[in-house]
Amino acid sequence: LAANENRALQTGGVAVCIGLTASDVVALGDDLDTGNMQCHAVPYDMLDEILLDKLRPDQVITPLFGDGYDAVDVAEDLSLFGYSGQLVAISPRLPNPKIIEREMREYAYAMNFELVMYDEKVLLQA
């Protein structure tokens, strides 16, 4: 698990973007290299095994803290559904991201977890 330090992720294929809009993904374009990725914006309450089976995402992107859920909730759900791809949590800059990474290891153990931090103004301008 490694915090993103202003480097773009190498992505491809299909992404499920939980609790994010298409404009959020575009606004985070400098941190999330989604240029060749098909992104599906999905509310958290629609995340289920059927959706994952239908879309077969290479990546699931979620806010670290969403509206009524967080990345731990998403990781637990994904684990129950047998997902073993990449889980990306996005967050404004944190003072000590290692704490988050350590906690996420317990919940995203079967996934490749990455924490991507951005400047708060990025999403405020979108």
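Residue numbers count from 1 along this sequence. FYI, side chains are in, hydrogens and waters are out, and symmetry mates aren't considered; it's all heavy atoms of this structure. Remember, predicted model here, so these are calculated numbers, not experimental data.
Annotation: the span from Leu47 atom CG to Leu52 atom CG amounts to 5.5 Å, rounded to 0.5 Å. Considering CG of Asp77 and CD1 of Ile18, their distance stands at 8.0 Å, rounded to 0.5 Å. Distance check: Ser91 OG to Met117 CE gives 7.5 Å after rounding to the nearest 0.5 Å. Atom CD in Glu103 sits 7.5 Å away from atom CG in Asp70 (nearest 0.5 Å). How far CG of Leu115 is from CE of Met104: 9.0 Å, rounded to the nearest 0.5 Å. If you take CE on Met46 and NE2 on His40, they are separated by 12.5 Å, rounding to the nearest 0.5 Å.
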Item to check | Check against side-chain contact (heavy atoms from CB on, under 4.5 Å), Leu20 and Ile90 | outcome: CA-CA 10 Å; Leu20 300 171; Ile90 61 169; 3.7 Å; yes

Item to check | Chi angles and distances behind the side-chain contact (heavy atoms from CB on, under 4.5 Å) call for Thr62, Val16 | outcome: CA-CA 8 Å; Thr62 185; Val16 169; over 6 Å; no

Next on the checklist: Apply side-chain contact (heavy atoms from CB on, under 4.5 Å) to residues Val88 and Gln59 and explain how you reach the verdict.
Outcome noted: CA-CA 7 Å; Val88 178; Gln59 221 178 62; 4.0 Å; yes

Item to check | Derivation of the side-chain contact (heavy atoms from CB on, under 4.5 Å) call for Glu76 and Leu80 | outcome: CA-CA 6 Å; Glu76 287 179 325; Leu80 285 173; 5.7 Å; no

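Note on Leu51: it clusters hydrophobically with Leu87, by side-chain heavy-atom contacts below 4.5 Å among ILVMFWY residues. In the hydrophobic clustering of ILVMFWY residues, with side-chain heavy atoms under 4.5 Å counting as a link, Leu94 and Val72 come out together.
Gly19 approaches Pro63 most closely through the heavy-atom pair O-CG, 4.4 Å. Nearest heavy atom pair, residue Ser79 against residue Met111, reads OG-CE, 3.3 Å. For the pair Ala89 and Phe113, the tightest heavy-atom approach, listed with the atom from each and the gap, is CB-CE1, 3.6 Å.
Within a 6.0 Å radius of CD1 in Ile50, no more than 12 heavy atoms belonging to other residues, nucleotides or ligands are found.
Contacts of Asp67 classified as salt bridge (Lys or Arg N to Asp or Glu O under 4.0 Å), with partners at least two apart in sequence or in another chain: none.
Residue pairs satisfying the ring-ring contact (aromatic ring centres under 6.0 Å, His included) criterion with at least one member in residues 42-71, sequence neighbours excluded, are listed as follows: Tyr44-Tyr69.
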